[in-house]
Peer 1: 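First, the structure itself, so that you have it in front of you.
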Amino acid sequence: MAEFILYEQIDKVGIITINRERALNALNSQVLDELDATLDAVNVDEVRCLILTGAGEKSFVAGADIGEMSTLSKQEGEAFGKKGNDVFLKIEKFPIPVIAAVNGFALGGGCEIAMSCDIRICSDNAMFGQPEVGLGITPGFGGTQRLARLVGAGMAKQMIFTARNIKADEAYRIGLVNAVYPQAELLDAAKKMAETIVRQAPIAVRNCKKAINEGTQVSIDEGVAIEEKLFGDCFESEDQREGMGNFLKKKDDLPMISLPLLQGYCSKLETSTGDAEQSLGLKLV
Ligand code: CO8
């Protein structure tokens with residue numbers, strides 16, 4: 001039984017909560033191990049989207065545990081970096097989408113774990129930053145890499161070199177988060193987004209994640225080749241047959257109208273037959 005990680009499944013959505021509130025959910029080795037084990041235990045045939053958040057209303061994750069790091073040797077430092085990186089890469093490559101609901105401080109390792117998720121939304125009291133250089137270290141859980149990829153090298157360098165924390169509105173402005181919500185509404189907003197995702201065709205969603213993740217690391221030619229392969233993979237699947245079948249069926253179910261009638265109607269409204277067909281939900285016969 002995990003001490004610092006809570007896991008809850010609501011229908012097809014899994015919610016992972018980092019639950020070490022007395023240390024503002026800072027990541028020590030135990031938290032990382034428990035998070036790793038929790039991810040391994042998620043049944044991805046049942047769960048189609050994950051939400052990652054922190055316990056309480058003050059902090060998402062206030063970084064890697066400074067107490068634990070303070071006495072590390074060079075080798076131990078590197079090993080601790082690898083431990084975090086392995087878990088964060090597992091999140092990034094997780095077969096289903098992961099939404100970070102950033103409910104407060106996301107500093108150092110906290111900003112880094114949020115960036116390993118597919119989508120970030122945050123509360124209005126959230127604060128992001130990579131304060132490592134002030135502690136005499138570099139970001140060690142992927143911050144130099146993911147921040148530069150997300151907000152551009154110039155902005156990432158400014159944030160990392162100055163160790164300046166930024167508030168939710170600035171994080172939104174630079175594209176580090178997709179949306180900002182009042183604290184009390186954040187988790188519901190994350191659930192709503194997750195519910196919208198789980199209503200889509202699951203194989204297609206997984207393939208989109210893979211195509212974006214893999215495609216953004218390579219040339220455009222290689223990227224579109226990755227997409228072609230994953231696009232092709234969707235065909236002959238139940239999702240594709242059902243998804244396209246439903247669309248065509250809906251078209252069949254539309255009320256019918258003859259061309260002369262539609263033309264007469266359109267000339268009165270001064271609109272095109274195509275527009276009228278669409279906006280009125282009619283099928284031309
Ligand atoms: N590590 C350990 N404990 C922490 C951390 C942390 N990162 N952050 C907060 N805490 C603890 C505090 O020590 C305190 O514990 P206690 O009550 O026992 O004294 C408790 O949480 C509450 O914190 P504060 O009293 O400081 O709360 P405030 O509201 O006054 O301040 C802050 C909140 C501003 C978030 C402040 O706690 C702070 O600055 N925390 C540190 C933030 C930080 O620098 N994070 C980056 C850490 S470095 C990092 O993440 C590197 C990642 C890569 C590692 C690679 C390894 C090789």
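Just so you know, ligand 1 is whichever comes first in the structure, and atom 1 is the first atom listed for that ligand. Position 1 is the first residue of the sequence, and the numbers go up from there.
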Peer 1: Under 4.0 Å from any heavy atom of D65, which atoms of ligand 1 are there?
Peer 2: 1 (N), 2 (C)
Peer 1: Identify which one of I113, N25, L186, I18 satisfies the side-chain contact (heavy atoms from CB on, under 4.5 Å) criterion when paired with F60.
Peer 2: I113
Peer 1: How about atom 28 (P) of ligand 1: does it have a protein heavy atom within less than 4.0 Å?
Peer 2: yes
Peer 1: At their closest point, which heavy atom of A101 faces which heavy atom of I51, and how far apart are they?
Peer 2: CB-CG2, 4.1 Å
Peer 1: For atom 51 (C) of ligand 1, what is the nearest protein heavy atom, given as residue, atom name and distance?
Peer 2: E132 OE2, 3.3 Å
Peer 1: Any idea which protein heavy atom is nearest atom 38 (C) of ligand 1, and the distance to it?
Peer 2: L107 CD1, 4.8 Å
Peer 1: Identify the protein heavy atom lying closest to atom 5 (C) of ligand 1, giving its residue, its atom name and the separation to 0.1 Å.
Peer 2: A26 CB, 4.0 Å
Peer 1: Starting from atom 55 (C) of ligand 1, which protein heavy atom do you reach first, and at what distance in Å?
Peer 2: G140 CA, 3.5 Å
Peer 1: Applying the side-chain contact (heavy atoms from CB on, under 4.5 Å) test to I16, which of I91, I5, L6 qualifies?
Peer 2: I5
Peer 1: Tell me which protein heavy atom sits closest to atom 20 (C) of ligand 1, plus the residue, atom name and distance to 0.1 Å.
Peer 2: R22 O, 3.3 Å
Peer 1: Please determine whether salt bridge (charged side-chain N to carboxylate O under 4.0 Å, His left out) holds for the pair D33 and K83, giving the CA-CA distance in whole Å, both sets of side-chain angles, and the decisive distance to 0.1 Å.
Peer 2: CA-CA 8 Å; D33 287 339; K83 185 190 267 289; 2.6 Å; yes
Peer 1: Show which atoms of ligand 1 fall inside a sub-4.0 Å distance from at least one heavy-atom site of M69.
Peer 2: 48 (S), 54 (C), 56 (C)
Peer 1: Measure the shortest side-chain to side-chain distance between V47 and V13 over non-hydrogen atoms and say whether it is less than 4.5 angstrom.
Peer 2: no
Peer 1: Using a 4.0 Å heavy-atom cut-off, which part of F141 comes near ligand 1: side chain, backbone, both, or neither?
Peer 2: both
Peer 1: Give me the residue, atom name and distance of the protein heavy atom closest to atom 43 (C) of ligand 1.
Peer 2: A62 O, 3.6 Å
Peer 1: Indicate whether atom 48 (S) of ligand 1 is within a distance of less than 4.0 angstrom of some protein heavy atom.
Peer 2: yes
Peer 1: Are any of the N/O atoms on I66, whether in the backbone or the side chain, positioned under 3.5 angstrom from an N/O atom of ligand 1?
Peer 2: yes
Peer 1: Can you name the closest pair of heavy atoms from Q183 and E57 and give their distance?
Peer 2: NE2-O, 3.1 Å
Peer 1: In plain terms, say whether R241 and E238 are close enough for a salt bridge, that is, a side-chain N and a carboxylate O under 4.0 Å apart.
Peer 2: no
Peer 1: Just which atoms of ligand 1 are under 4.0 Å from any heavy atom in F80?
Peer 2: 56 (C)
Peer 1: Which residue holds the protein heavy atom closest to atom 31 (O) of ligand 1, what is that atom called, and what is the gap in Å?
Peer 2: L24 CD1, 4.5 Å
Peer 1: Purely on distance, is any nitrogen or oxygen of A64 under 3.5 Å from one on ligand 1?
Peer 2: yes
Peer 1: Would you mind running through ligand 1 and noting each atom that sits below 4.0 Å from a heavy atom of L135?
Peer 2: 44 (O), 47 (C), 48 (S)
Peer 1: Consider ligand 1: state whether an atom of it lies below 4.0 angstrom from any non-hydrogen atom of E112.
Peer 2: yes
Peer 1: Between the side chains of E214 and K209, is the shortest nitrogen-to-carboxylate-oxygen separation below 4.0 Å, so that they form an ion pair?
Peer 2: no
Peer 1: Under the side-chain hydrogen bond (donor to acceptor under 3.5 Å, both in side chains) criterion, do E34 and Q30 qualify, and how do the steps go?
Peer 2: CA-CA 6 Å; E34 290 182 4; Q30 187 182 339; 2.8 Å; yes
Peer 1: Are I197 and L52 joined in one hydrophobic group, where the rule is that I, L, V, M, F, W and Y side chains link up if heavy atoms are under 4.5 Å apart?
Peer 2: no
Peer 1: From atom 7 (N) of ligand 1, is the closest protein heavy-atom distance below 4.0 Å?
Peer 2: yes
Peer 1: side-chain hydrogen bond (donor to acceptor under 3.5 Å, both in side chains), that's the test. Do E68 and N28 meet it? Break it down for me.
Peer 2: CA-CA 7 Å; E68 181 174 335; N28 61 14; 4.6 Å; no
Peer 1: Work out which heavy atom in E76 is nearest to a heavy atom in T71; give both atom names and the distance.
Peer 2: OE1-O, 4.0 Å
Peer 1: To which protein heavy atom is atom 44 (O) of ligand 1 closest, and what is the distance rounded to 0.1 Å?
Peer 2: P131 CG, 3.5 Å
Peer 1: Is it true that, when you exclude Q217 itself, more than 12 heavy atoms of the residues, nucleotides or ligands shown sit nearer than 6.0 Å to its CD?
Peer 2: yes
Peer 1: Would you call K90-D86 a salt bridge at under 4.0 Å N-O?
Peer 2: no
Peer 1: Under 3.5 Å between some N or O of ligand 1 and some N or O of K58?
Peer 2: yes
Peer 1: Which bit of L72 is near ligand 1, meaning a heavy atom under 4.0 Å away: side chain, backbone, both or neither?
Peer 2: neither
Peer 1: Would you indicate which of A23, G81, G104, A106 comes nearest to atom 10 (N) of ligand 1 when only heavy atoms are counted?
Peer 2: A23
Peer 1: As a test of the contact definition, would atom 57 (C) of ligand 1 count as having a protein heavy-atom neighbour under 4.0 Å?
Peer 2: yes
Peer 1: Protein heavy atoms near atom 25 (O) of ligand 1, is at least one of them under 4.0 angstrom away?
Peer 2: no
